[in-house]
Q: 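Next up is a structure, given as structure tokens.
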Amino acid sequence: MATDETSLEDEGKSIRCRYCGQRNQTRPATNGEVRCGRCRLLLSDEPHKKFAHLDKSQYIHPADKRALAALKAIPGIDSALKKLLALTGESAIRVIFTAGAVKVGPRQCPDLHAKLQVACTTLGVDMPELFVQQNPVANAFTGGVEKPVIVLYSQLLERLTDEEVLAVVAHEVGHIHSEHVLYLTAARLIEFLAKTAVMSTPLIPIVKELLTLTMRAALLAWARRAELSCDRAALLVTQDAHVIGRTMMKLAGGTFASRIDYDQFLQQARDFQKIYDEKALDRFWADVITSGMSHPFPVWRVSEILQWVESGQYLDLINLPESAAA
Ligand SMILES: [Zn+2]
Ligand SMILES: [Zn+2]
């Protein structure tokens, strides 16, 4: 161990944050926690792996892969989506958020900027723009065509701990790493129009003209499964499955989450695994889609993450030597 390395036990000494690299004095807060002054994540002597050469094929969920192949097999889908997003996409997204949301940077919400940097350096992704927007729904969003943007809704930040916020940011960065952004933006646009039909009347005929019903259904069916891959990306960044589990518990339980027993919630996810039937879910998805929910089934998502950890694939990736991961 180098002479300037100290452990958390040495109160008042300097320790390097395992996430963002910041040097910190180990002075506990009043609640006894020792957090990084930059990214606000808990300081620890444990290592934090950064992937130098992570390939999306190493973590993409098989259901995502299958649904994406089915989507891409639809003739004309790519040109239809490009036409749609040329009309409604990139510039509109940037204008909406630059005009109506807070842009995060090194001097604006610097801990969120640091968390974004942690997620990007861990997965190996160029930093996108990050915005925070007032919204009573606990959710986040990634959109764009060439230059993706990530938007975190204020309600999410009010509900989640710093580690859970990192999980959400990492999930969104996962969409960029998985090259989901073009299709995801189109899927979110369709959901948005389904929810705000009256306001957006001029756009609806354009969407219907450009995208056939088959295209729209395949796009939304894929988007559900894409979430499973990005939950895995979030786990590769937080490197703690319970952070993902607790985040999902809060998304499932809302403001009631403080009264929910986490172990019982995990048991519910395991019970769900036993009755899991993808065909039945497929039928149910049609209703979910029309209800406008973009991130349904938090219990199902926890069940999938638990299964991935238990399969050993997650640990294999975490323990992979960097030279072999290239
Ligand atoms: Zn830090
Ligand atoms: Zn997502």
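Both backbone and side-chain heavy atoms feed into the values below; hydrogens, waters and symmetry mates do not. Read the numbers this way: they start at 1 and go in the same order the structure lists the ligands and their atoms.
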Q: Please calculate the SG(C17)-the Zn ion (ligand 1)-SG(C39) angle and round it to 10 degrees.
A: 100°
Q: Classify the angle between the aromatic ring planes of H48 and Y19 as parallel (below 30°), tilted (30 to 60°) or perpendicular (above 60°).
A: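 Tilted, since the angle between the ring planes falls between 30° and 60°.
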Q: On the ring face of Y59, is K56 found with NZ or CZ under 6.0 Å from the centre and within 45° of the axis?
A: no
Q: Of all the atoms in C230, is at least one N, O or S atom closer to the Zn ion (ligand 2) than 2.8 Å?
A: no
Q: For D126, is the CG atom crowded, meaning more than 12 foreign heavy atoms sit under 6.0 Å from it?
A: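 Count not over threshold, so no.
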Q: Where the Zn ion (ligand 2) is the centre, what is the NE2-to-OE1 angle for H175 and E227, rounded to 10°?
A: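 Answer comes to 120°, rounded to 10°.
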Q: On the six-membered ring of Y262, is R246 placed so that its NZ or CZ lies under 6.0 angstrom from the centre and within 45° of the ring axis?
A: yes
